[in-house]
Amino acid sequence: MCYNRYISGVIVTELLEISENIYRIPASESPLSADVGVIRGESGFWIYDIGSLKENADYINRLGAPVRAVLSHFHRDHIGALQYLNAERIFLGANTYKYAGRGETVKGDLYLSDGIELHIFELPSSHSKGSLGLEAGGFAFLGDGVYSLEKGGRAVYNATLLKDCIEKLKTLRAEKFLLSHEPKFVFSKDEVIGGLERVYSKRIKNEAYIEA
Ligand SMILES: [Zn+2]
């Protein structure tokens, strides 16, 4: 396994292959930076998040082809290095736009084709309002979208958002779900939806939140 790791004080950034034309720069814990998804299209690269490290942006900039970025949500560990990235287009949710200050806001679903079919979609998320996912080549990058939220020191899900999240995930064609910060990273669609359904089954009537 290779990570954004420090070697004599230098961060080494490496690309791991997930599938043909689909890669990632793995997340790091210290400093905290999310996974960067990289998809090779016919006319350039499509990335999902940029993480918080300038080294990630430098690496992507050196790929030498136009880059379009999809941002999952506004948290620093996902978009912190955006200022260093040379992106031709940036797709983000309305809430992320407030932090990024630029880009194209995605509402609902957006389908694009670049030698590979791309599907950018709004993902109802307890973790962060206005999250986006990216589906391509049988994989769905979900960022932190299926994670809970910290509330008063407890990990909880918003019951309504969790229900909507599960419904949205079921409509995806991808059979593999990619979850940021998880060393395993690649999960089956069934295990992710199954896990969320188990949480949802603990819902207490008239309670807005569910314990994770
Ligand atoms: Zn994160």
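Counting starts at 1 for both ligands and their atoms, in listed order. We number each residue from 1, following the sequence as shown. Predicted, not measured: the structure shown is a model, and the values here were computed from it. All values below were derived from every heavy atom in this structure, side-chain atoms included, with hydrogens, water molecules and symmetry-related copies excluded.
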I'd like to know if Lys168 pairs up with Asp164 as an ion pair, taking the criterion as any Lys NZ or Arg NE/NH1/NH2 lying under 4.0 Å from an Asp or Glu carboxylate oxygen.
no
Give a yes or no on whether Leu71 and Ile120 share a hydrophobic cluster (residues Ile, Leu, Val, Met, Phe, Trp, Tyr; joining criterion: side-chain heavy atoms under 4.5 Å apart).
no
Can a salt bridge be assigned to the pair Lys170 and Glu197 using a cut-off of 4.0 Å between side-chain N and carboxylate O?
yes
Around the Zn ion (ligand 1), list the protein N/O/S atoms within a radius below 2.8 Å, excluding water molecules.
Asp77 OD2, His78 NE2, Asp144 OD2, His181 NE2
Out of curiosity, Ser128 OG to Leu123 CG, how far, rounded to the nearest 0.5 Å?
10.0 Å
Presence of salt bridge, Glu135 and Arg173, under 4.0 angstrom:
no
Please identify which of these residues, Leu172, Leu134, Leu110, meets the side chain to side chain contact (heavy atoms under 4.5 Å, CB included) condition with His119.
Leu172
